[in-house]
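Source: prediction; values computed, not measured. In what follows, chains carry the letters A, B, and so on, assigned in the order in which the sequence lines appear, proteins first and then strands, with residues in each chain numbered from 1.
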Number of protein chains: 2
Amino acid sequence: MADGYESVPVVMTIAGSDSGGGAGIQADLKTFTALGCYGTSVVTALTAQNTQGVQGVHAIPPAFVEQQLTSVLSDIAVKAFKTGMLANAGVTATIAHTLRTSNAAPISLVCDPVCVSTSGHTLLEPDALATMVRDLFPLAALITPNKAEAELLISHTHPERPAIRSLDDMVGAAHALLELGPRAVLLKGGHLTVCMADARAAMAARPEVVLDRTGLLTENMEILLVVERDPEQAELVADVLCEAVEGGAVETTVFLRPRLESTSTHGTGCTLSAAIACGLARGETVVDAVRTAAAYTHDGIAASFPIAATQGHGPLNHMHPILRRSIPRPTESNPHPFVRLLIRKHAGIWKDYVQHDFVRQLGEGTLAKEHFVHFIKQDYLYLKYYARAHGLLAAKSPEYDKIAASAEIMLHIIRESTMHRTFCAQWGVSPEELDSTPESPACTAYGAYILDIGLRGDASQLLMALAACLLGYGEVGLWLRREAARLDSWVKLAGNPYHKWIEDYSGADYQAAVKVGIERIEEMAQDDPPSPKRFQEWSAVWEKCTRLEKGFWDMAMTLS
Amino acid sequence: MADGYESVPVVMTIAGSDSGGGAGIQADLKTFTALGCYGTSVVTALTAQNTQGVQGVHAIPPAFVEQQLTSVLSDIAVKAFKTGMLANAGVTATIAHTLRTSNAAPISLVCDPVCVSTSGHTLLEPDALATMVRDLFPLAALITPNKAEAELLISHTHPERPAIRSLDDMVGAAHALLELGPRAVLLKGGHLTVCMADARAAMAARPEVVLDRTGLLTENMEILLVVERDPEQAELVADVLCEAVEGGAVETTVFLRPRLESTSTHGTGCTLSAAIACGLARGETVVDAVRTAAAYTHDGIAASFPIAATQGHGPLNHMHPILRRSIPRPTESNPHPFVRLLIRKHAGIWKDYVQHDFVRQLGEGTLAKEHFVHFIKQDYLYLKYYARAHGLLAAKSPEYDKIAASAEIMLHIIRESTMHRTFCAQWGVSPEELDSTPESPACTAYGAYILDIGLRGDASQLLMALAACLLGYGEVGLWLRREAARLDSWVKLAGNPYHKWIEDYSGADYQAAVKVGIERIEEMAQDDPPSPKRFQEWSAVWEKCTRLEKGFWDMAMTLS
C-alpha cells in the first residue's frame, strides 16, 4: 500500500503508566501508533499524574512484571524494545534477566535511564541505578540519558568528573558512558544551550566527530536563510551520539537543532526513545533512527496544544505526522469504498438523475418521441466532447497502458456515435439535420465543463469528471433491467420503442466498461490517497457532473 | 488545518492493561490516537496477556485507581470517558463515586460492561456486576454489552427471560437493559448471524425501529451490486441501539453490516467503545458516534495483520484510517518545511546548479563574453515559455487572486525579457539577430517540459515546474552576494561586466518574488498535503527542472 504503512513491525515499551497520557507507556503507545508500529507494553509501575506533577506511584511486583514480559515474548515477535521508568532494583533485574534469557542477543533495546520526572519526582530508586548499569546496559543497543542522568551515571564510576557544562563536556561524558556497556550512547542536550561557535570549537578539537545539521538550514539554502532565523545567531540544542564500532573504535555524531521555548515538554524523553525503537524495528541504523526520532519529538513539541487550563508541563503532540484518510481502504466486504462513498455522499442528486422522469417514461415505453429525439441528437453532440476529453486524458497519462485504454474508449465512443446516427435515421432525423443541430445550453455546459476540468486539473480530476456519465448510464441500465425483472413491472421491454437503448446500457459490453471505470478510480484513490481538500475537489466534480447529467434529461423533457 | 485533526478533544479510558497491546487501555489509546483525540487513562488492573489468552491479572487497589482518576480530573478537561475491565466491586464503586462527585453530570460516559475475555478469562468478579449496574449505569450515556453480557445483566432483573437467539430477541433485550439506568444501550450482535429477511421481519413487527444500512450496499448502487456480494444473500451482523429520549420514549436503531470471518477480533469491544467515546467527545450524537465507530472497528478487523506465528485471537489494525504526512507541518523553527525538504532531498544536483562553473566565472567576472551572450539569447527564448506557462497556470486557477498573481508575474517576465534585449544590445546582439536565434536543445527541453507538466498535471505540479527556476536564480543571486561580502572574496563586483545581472537576481525586487513563490508552494503543501505518491511526483518535477537548469548552464559553457 502506498500510504507509508507498508509493514507494521512490533515494538515493546517496558515503562510506567502516566494517567495524564503525556509520558510513560501512553506516550510510547501514541508514538508507536503515529509512526506505524504495533505497540506492546509491560507496565512496571503506575503513576497518578497530570501536567502539574506526579501525585502517587504504585509499583508492580517484579514477578508480575516478569509475567507480562513472558506472556508477550512467548507469543509475539517483538522487533525492538524500549525501557523507561523501571521503579526499583527488583523490577530492573527481572527485566534484564528475562530479556537476556528469552531472546537471542543482541536485541534492539533502547534504554532510557529515567531517574527523576520533569516535575522532580523520583522514578527509579537510587539503589536500582547500579542494577540498571550492571544488568541492563550490556543488553542495550542505545541508552538515552539527559544531562542530569548522565551526570548521575558517571558519578558512580568517575566520581572525579565535573558536571556537564559544555558541548565538549557532553562529548566526553558520552564516551565515558559508553564504557558502562551499551553499544551506543545518546546524550541529550535539551538542558544545555549551545551555539554554532561552540559546535565549531568542539569539532576543531575533535576532528573525528561528525556534525549532523539536518535540523538546521545548511548550505545552498540562502533563500530560506534570508526569511528564517540564521542558525549562526540562534540558540541551539545538541544531542551527542557515541557508537562503539568494529575494532573498538567509537563513532561520534553531534545532532544540532534550534532550541524551542516551550513548557510542552512532558514526555519528551519517553517519546524520543520510543521513536528510536520504531526506527530500529524497521531496520534503520542508530544514526538514522536517532535523526528521525529527534525530528519527530522536536516537531511534537512545536505542534503541542493545551489540555489543561493552568498547564504545568503539558504533553507534546504525538499526532503531528498523521493525516486522516478521506476514503477507507478497500476490504473484502467493501471492495469499492470510493464509489460507494461518492454515491452515498450525493445520494439525492444521484437518485434524481438515475430515476429521472425521462428514464421512467423510457422504461415504460411512454416517452414521447420528440423528447427522445431531442435527447439523442444532443447526446450525439455531447459524445464529441466526451471523446475529446478522453483524448485529453490520454495527453495527461504518461503510461502506455493508460494511453491505450483512452484510445480504446475513444473508438468505443465513436462507435456509440454511429449507433446514435442509426437511431436518428430510424426516428426520421437525417445525417444532415443531425450534423447541423445546434448545441443546447445543457449540452454545452456539460461538455465544456468536462474539458475545463481537463484543462484545470490532473488526470485524477478528469477521471472524476468522466465518471458520472460512464457510471450513471450503467446504473440506469441496470436499474431498468432489475425493475423489468419484477412481476408486473412498470418497465416494459416487449414492444418498447426504446428497448434497444435499455439493452445497450444494461448489456455486457457497456457494463464491462463500467467495471473498468470503477476499478480505475478505486485504484487511483488507493494509490494516491487524497487529502481532505483534494477529496472535496474530486467529490465536487462528481456532484457537479451528476447535476449536469440530470440537467441533460431535464433538457430532453423541456425540449430546451 | 486541513488535515482532519482540526481540534483534539481529550478522552479517557478507565480499563485494564493488555500487555499484548490488542485490547484494554492499549487498544483504547491506539484508537484515540488514530481518531485524533488526546488519550488519558486510569488503569484498573494489569493483565499478562497475549493472542492465546490471559495468563495473569494484577488488580490495582481502589484507592490508587481513585488517585489516578482524581489526578487527571483535577487538571485536565476530559470531554468523554469509556470504561472497560473494572476487575472488582471495589474498583467499580470507587470509579462511579469519583466520576459522580468530580464532574458535572451528565458526563459523556461509554460503559463497556466487560465481564469475560474473548479467551474465557473472568475480567469482572461476579459480585461486581450489581455494583456496576447500580452505581455506574446511571452515569452512562451508553452501555455496550455483547450477547453474553446482555444475557448476564438481564438475568439479574429478569430471570425469566430466555437467551438472545434472534434479532427480535436483541431488540427486546436492549429495551430491557435500558431499564437498568443508562441513557442508551448498544447491544452488539457479533455473536449472532442474521440476514436481510430477519431484519425485514423485525422491522415489520416493530415499525418504529430505524434500519441503518450504511454498512451495506443500498439503493441506486446497482453497478456495485453486480460486482460485490449482494447483502440480500449475505450473512449479516446487527447491532441494536436503544436510546431513551424526551418524554420517556425510546428510539431504536438497528445497524446492519456484513459478517466478517476473522480471528483478529481481540480487542473489538474495547476499540468500539473507545471509538464511540471519541465521537461523543467531538459532540456527535450517539447514533452518529456508533455508526462511525462501528465502521472503524469493522474496517480494523478487515485490515488486520498477524503479529504472532501461531495466532489465537489477534488484534485488529487500529491504524487503518491513518496516512503518513510526507511534508512536516511548518513550525516556528522550520517555517518552510517543503522547500527545505526539496533542496535537501536533491542537494547534489541543486548544488551543481547553484554553484555551476558558469555562475562562478560570472561572479569572478572571468566568464568569456560568448558564453554569456549565448546564455542570454537562449534565456530570452526560454522566458517566452516561462511566461506562457504562467498563462497556463492562470488557466488552471479558478480564483481571482491567483489569476491576478499570474498576470503580475507574466508582466514581470515581459519586463525581464526587455532587460534581456537591452543586455543583448549592449553586447552587440541586434534585435533582429535575437529574434531569429534558433532555440538550443537545452532551451527547448526545459521550456517544453514545463508546458508538458502544465498540460499533464494540475496547478500544483505546474507550480513545482516553475519553482526551480524562480528559486534557483534567487539562490544564485544571494550566494554570489554572500560570497562577495567575504574578505578577499573570489567574487568581484567592482568592474565585473556581469555586475548588473548579479544585482538583478540578488536585489529586493527579485527576492520579493522568490519569497512569494516560497510561501505559495508551502501553503499548497499544507492546504493539500500530498500522499507519498503525489509527493514523489512533485519532488520528481523539482528534481528534473533543477537538472534542466543545470543543463542550461552546461549549454552556455559548451555553446551547444
Please classify the contact of [X] with chain B as side chain, backbone, both or neither, using a heavy-atom distance under 4.5 Å.
X: A:Lys515; answer: side chain
X: A:Val54; answer: neither
X: A:Glu228; answer: side chain
X: A:Leu225; answer: side chain
X: A:Leu69; answer: neither
X: A:Thr214; answer: both
X: A:His318; answer: neither
X: A:Arg340; answer: both

Most chain B-contacting option - heavy-atom pairs closer than 4.5 Å, from [options]:
options: A:Thr40, A:Asp75, A:Thr331; answer: A:Asp75
options: A:Ser71, A:Pro337, A:Gly21; answer: A:Ser71
options: A:Tyr38, A:Trp479, A:Phe305; answer: A:Tyr38
options: A:Leu29, A:Asp18, A:Thr51, A:Asp452; answer: A:Thr51
options: A:Leu471, A:Val476, A:Val10, A:Thr13; answer: A:Leu471
options: A:Arg344, A:Glu537, A:Glu332; answer: A:Arg344

If you count heavy-atom pairs within less than 4.5 Å of chain A, which of [options] leads?
options: B:Glu222, B:Met221, B:Gln68; value: B:Glu222
options: B:Leu455, B:Val514, B:Ile25; value: B:Leu455
options: B:Ala302, B:Pro335, B:Ala295, B:Ala395; value: B:Pro335
options: B:Val42, B:Val354, B:Thr47; value: B:Thr47

(request) Could you check A:His320 against A:Tyr296 for ring-ring contact (aromatic ring centres under 6.0 Å, His included), going step by step and ending with a plain yes or no? (result) CA-CA 8 Å; A:His320 67 85; A:Tyr296 171 70; 5.0 Å; yes

(request) Scan side-chain atoms only and decide if A:Gln511 and A:Ser506 contain a donor-acceptor pair under the 3.5 Å cut-off. (result) no

(request) Using distance alone, with no hydrogens and no angle criterion, decide if B:Arg534 and A:Ser531 have a side-chain donor and acceptor under 3.5 Å apart. (result) no

(message) Please give me the minimum heavy-atom distance between B:Cys37 and B:Val11, naming the atom from each residue.
(response) CB-CG2, 3.7 Å

(message) If you compare all heavy atoms of B:Ala303 against all heavy atoms of A:Arg329, which two are closest, and at what distance to 0.1 Å?
(response) CB-NH2, 3.9 Å

(message) When you compare the side chain of A:Arg325 with that of A:Gln526, does any pair of heavy atoms fall below 4.5 Å?
(response) yes

Measuring from [X]:[atom1] to [Y]:[atom2], what's the distance to the nearest 0.5 Å?
X: B:Asp299; Y: A:Ser333; atom1: CG; atom2: OG; result: 7.0 Å
X: A:Lys396; Y: B:Gln461; atom1: NZ; atom2: CD; result: 8.5 Å
X: A:Leu462; Y: A:Ser397; atom1: CG; atom2: OG; result: 8.5 Å
X: B:Ile343; Y: A:Thr218; atom1: CD1; atom2: OG1; result: 8.5 Å

(message) Is the positively charged end of B:Lys30 above the ring of A:Phe32, judged by distance under 6.0 angstrom from the centroid and angle within 45° of the axis?
(response) no

